[in-house]
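Below you'll find the structure, written out as C-alpha cells, and then a few comments.
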Amino acid sequence: MTVTISNSKSASWAKAIAKPAQEFPLTNLPTISGKIPANLKGSLYRNGPARLERGEFTVGHWFDGDGAILAVHFADGQARATYRYVQTEGYLIEEKADKLIFGNYGMTATGSWLQRFGKSSKNVANTSVLALPDKLLALWEGGLPHALDLETLETYGLENLEGLQKHLPYSAHPKRDPQTGEIFNFGVSYGKNATLHIYRSDRHGNLITKNQTILTGLSMIHDFVLAGDYLIFCVPPLRMNPLPVLLNLKSYSDSLDWKPEEGTEILVFDRHNLELVSRNIVEPWFQWHFGNGYSDRDGNVVFDLIRYEDFTTNQFLKEVASGHTKTKAQGNFWQMRLNPKTGEFLETTQLMDRGSEFPIVAPAEVGQFSRYTYLSVRKSATPQTELFNAIARYDRQNNTIAETDLGTNCYPMEPIFAPDLTRPDRGYVITVVFDGDRESSEVWVFDSDRLDSEPVCRLALPSIVPMGFHGTWRS
C-alpha cells in the first residue's frame, strides 16, 4: 500500500505526506520576503511524523509515523536549519529491513499473528520536544524520550532523566514553570486499571519527585494544565479493551470505546508535593490539548482547552495518514473555572466557535494569567474536514480574534511564541507553512501584535517538512 493523494484542491495538504520526508544538514536559509529581526535569537524546534510508509505498507494512523525534528537556529539576522529523523531502535531496524515491522497507536505489527505475537510497539519519538540546557528531548507519550544534540540533532539514545525506570512513560506535554524553571510531566501505564504517574523535575530535566494515582478503568490522557499551585487532569470517558491489544489482534486506537455515560473525571493535584487534592466526575467531553491556567483572586483555577463533543476526532486524525479526510470533528476553544478543593466547575464558557487546536501562550506566562492565546484555526467557510489553514491570536480582554492570511492552499503548523528579549511584553510568532501549490515548506515569522499583517519574514526550507504536532522555542 501507498499513501493515496487526492487531486482536489481541498486536499492539497496531502502532497506534504505523499512521500517520506527528506533530511537535510545544517543549511543557511534564504529569505523569500522581509528581513530576519536582529533581536530574534534562539532556536525553534519542531517534531512530527515524517514517514508514513515503508516498502509495501502504510501506517494505520497519523500518530504512527516515524518522528523527525526540524531545528531552526536564529542569530545575527540569519537563520540556519537542519532536519533529521530520530534514530530510534525501531526506526533503525525497519530502515535496515526496508519494511514496517512494529505495531503502534493505530496499527498492529505486520506479518501473521504468530509473527506479531509478543512484539512490542515502536517508540516513534514523533510528538513534541523539550529543550534542556544540554540536550533536546524528542517526546512520545508511550515511553521514555530520546535525547538529541541541540545543534545538529544527532540522536544520543533513550533518556531516563536520572530516575525513570525504562517501563515508565514520559508524556509529550511537559509544563515548565517560568519562575522556578521546574518541569512537570506525567505518563500513563496500564494494568487492571490505568495508573497516572506524575513527575516534578528540575530545570535540567532531572527527576525531583514523583507520585501516582490509580484511575478508573483504562482511559487515555494526552495533556494536562499547570494552573497556579495546581496540576489539573481531565480524564475522558474512553475505555480500552486490553486483551486484543495484548494479543496483537487490534491496535490501541481501535480498542478504545467512547463511554459518555461514565463522564469526564477531573483530577486536581498540588504541584509542590504532587498529592491528590480532589477528584470529581462531570459531563463528558474529549480534549487533546489545553491552553493555559492560573489561580484567580478567589482561589479558584481558570484554564483553557480545546473541547470536542466526543472521540470522532480520532477518526479524522486516522484519515489524515491516507490523504483523504471525510470525518467532521470540530474542537472549540473553551474556558473553565474550577474549585480545586472539590473539583466542581463554577463556570464553563465557549470562547470561540471556530474550529481550532494547538493553543499556546508566551512561555513567560505559563501557569499565570495570560491575555493572549495563539492557536491554529480554520478560516471562515473552511470545511470541517480540512486541515487548519490559519493561525490566530485570541485576546481575552477584548474577546477579539486577529488572524493571519496565509493565502490559498497554505497550511501552518502549531504557532510557537519566541520572546523578544528587548521588549518583554512582545515577541514573535513562528510557524512552518506548507504551500500546496508550490509544494514547498517555509518558516514564517510574525510580530506577535500584528498577526493580521504581513509576516516579518519568510524563509525557504530545503525540502518539504510534513505537517507535524508540537514544537518549542529555546532562547
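Taking the charged nitrogens against the carboxylate oxygens, Glu94 and Lys99 have no contact shorter than 4.0 Å, which rules out a salt bridge.
Across every non-hydrogen atom of Ala402 and Leu451, the tightest pair is O-CD1, 4.2 Å. Pairing each heavy atom of Ser295 with each of Val301, the nearest pair is OG-CG1, 3.8 Å. Closest approach of Arg354 and Arg378 over heavy atoms only: NH2-O, 2.8 Å. Counting all heavy atoms, side chain and backbone alike, Ile17 lies closest to Gly323 at CD1-N, 4.3 Å. Closest heavy-atom contact between Phe233 and Asp223: CD2-O, 4.4 Å. Between Glu414 and Ile360 the shortest heavy-atom distance is OE2-CG2, 3.8 Å.
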Between Tyr105 and Leu256, is a side-chain contact (heavy atoms from CB on, under 4.5 Å) present by the stated rule, with each step listed? CA-CA 11 Å; Tyr105 174 82; Leu256 291 168; 4.1 Å; yes
Show the numbers, then the answer: is there a side-chain hydrogen bond (donor to acceptor under 3.5 Å, both in side chains) between Thr382 and Asn389? CA-CA 8 Å; Thr382 299; Asn389 51 13; 3.1 Å; yes
Could you walk me through whether Asp254 and Lys318 pass salt bridge (charged side-chain N to carboxylate O under 4.0 Å, His left out), step by step? CA-CA 10 Å; Asp254 290 340; Lys318 178 180 181 179; 3.8 Å; yes
Would you check, one step at a time, whether the test side-chain contact (heavy atoms from CB on, under 4.5 Å) holds for Leu338 with Ile266? CA-CA 10 Å; Leu338 178 79; Ile266 309 302; 4.1 Å; yes
One pair to check against side-chain contact (heavy atoms from CB on, under 4.5 Å): Phe24 and Leu461. What are the steps and the verdict? CA-CA 9 Å; Phe24 55 83; Leu461 289 168; 4.1 Å; yes
With side-chain contact (heavy atoms from CB on, under 4.5 Å) as the test, would you mind laying out the steps for Val124 and Asp64 before giving the verdict? CA-CA 7 Å; Val124 287; Asp64 297 336; 5.8 Å; no
Report the C-alpha separation of Asn104 and Ser251 in whole Å, then their side-chain angles, then the decisive distance to 0.1 Å, and conclude whether the side-chain hydrogen bond (donor to acceptor under 3.5 Å, both in side chains) test is met. CA-CA 7 Å; Asn104 212 274; Ser251 70; over 6 Å; no
Do Arg80 and Glu151 pass the salt bridge (charged side-chain N to carboxylate O under 4.0 Å, His left out) test, and can you show the C-alpha distance, the side-chain angles, and the key distance before you say yes or no? CA-CA 10 Å; Arg80 298 181 304 148; Glu151 180 78 6; 2.3 Å; yes
For Trp288 and Phe286: C-alpha separation, side-chain torsions, deciding distance, then whether ring-ring contact (aromatic ring centres under 6.0 Å, His included) applies. CA-CA 7 Å; Trp288 291 111; Phe286 180 78; 4.8 Å; yes
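Geometric assessment of Arg423 against the ring of Tyr428 yields a positive cation-pi assignment under the 6.0 Å and 45° thresholds. Cation-pi geometry between Arg393 and Phe446 is not satisfied (NZ or CZ under 6.0 Å from the ring centre, within 45° of the ring normal). A cation-pi contact links Lys175 to Phe224, judged by a cut-off of 6.0 Å to the six-membered ring centre and 45° from its axis.
Between the side chain of Asp296 and the main chain of Asn300, a donor-acceptor pair closer than 3.5 Å is present. Using modelled atom types, one side-chain atom of Asn123 and one backbone atom of Ala125 make a donor-acceptor pair closer than 3.5 Å. Side-chain atoms of Ser463 come within 3.5 Å of backbone atoms of Gln22 as a donor-acceptor pair (strictly under, hydrogens ignored). Formation of a donor-acceptor pair under 3.5 Å by the Arg84 side chain with backbone atoms of Thr152 is found in this model. A donor-acceptor pair under 3.5 Å is formed between the side chain of Thr431 and the backbone N or O of Met413. No donor-acceptor pair closer than 3.5 Å links the side chain of Thr472 to the backbone N or O of Val129. Although no hydrogens or angles enter the test, the distance criterion places a donor-acceptor pair under 3.5 Å between the side chain of Ser441 and the main chain of Val465. For Asn126 (side chain) and Gly67 (main-chain N/O), no donor-acceptor pair under 3.5 Å exists by modelled atom type.
To the nearest 0.5 Å, atoms CG (Leu238) and OG (Ser255) are separated by 12.0 Å. In this structure, the separation between CG on Leu26 and OG1 on Thr82 is 5.0 Å, given to the nearest 0.5 Å. Rounding to the nearest 0.5 Å places OG of Ser171 at 8.0 Å from CG of Leu139. Atom OG of Ser448 and atom CZ of Arg426 lie 6.0 Å apart (nearest 0.5 Å).
For His289 and Phe358, the ring centers sit closer than 6.0 Å to each other. Ring centroids of Phe269 and Tyr230 are separated by 6.0 Å or more, keeping the two rings apart. Taking the six-membered ring for Trp and the full ring otherwise, the centers of Trp62 and Phe469 sit less than 6.0 Å from each other. Aromatic ring centres of Tyr411 and Phe388: separated by at least 6.0 Å.
Looking only at atom types and distance, the side chain of Glu357 has a donor-acceptor partner in the side chain of Tyr308 under 3.5 Å away. Inspection of the Gln335 and Arg396 side chains reveals an N or O donor paired with an N or O acceptor under 3.5 Å. Side-chain contact, Thr408 with Asp437: no donor N or O sits under 3.5 Å from an acceptor N or O. Looking only at atom types and distance, the side chain of Asp304 has no donor-acceptor partner in the side chain of Asn292 under 3.5 Å away. For Gln287 and Trp334, the side-chain atoms include no donor-acceptor pair closer than 3.5 Å. Trp285 and Glu283 share no side-chain donor-acceptor pair at under 3.5 Å. For the 3.5 Å distance criterion, the side chains of Tyr372 and Glu365 fail to qualify, holding no donor opposite an acceptor. A donor and an acceptor atom, one from each side chain of Tyr190 and Tyr252, are located under 3.5 Å apart. At a cut-off of 3.5 Å, with distance as the only test, a side-chain donor of Asn39 or Thr422 sits close to an acceptor on the other residue. Side-chain contact, Tyr83 with Thr27: no donor N or O sits under 3.5 Å from an acceptor N or O.
The aromatic rings of Tyr85 and Tyr91 lie parallel to each other, with less than 30° between the two planes, well short of the 60° mark. Below 30°, between 30° and 60°, or above 60°: for His197 and Tyr199 the angle between ring planes is below 30°, a parallel geometry. By the 30° and 60° cut-offs, the orientation of the rings of His73 relative to Tyr45 is perpendicular. Taking the six-membered ring where tryptophan is involved, the planes of His222 and His470 are tilted, since the angle between them lies from 30° to 60°.
The side chain to side chain donor-acceptor pair (under 3.5 Å) test with Thr327 is passed by exactly one of Glu319, Gln315, Gln384: Glu319. Just one residue in the list Leu459, Val445, Leu29 forms a side-chain contact (heavy atoms from CB on, under 4.5 Å) with Ile36, and that residue is Leu459.
Dense packing is recorded around NZ of Lys379, with more than 12 heavy atoms of other residues, nucleotides or ligands lying under 6.0 Å away. A 6.0 Å sphere centred on CG of Asp76 holds no more than 12 heavy atoms belonging to other residues, nucleotides or ligands.
For the pair Asp420/Leu40, no side-chain contact is recorded, criterion being any heavy-atom separation below 4.5 Å from C-beta on.
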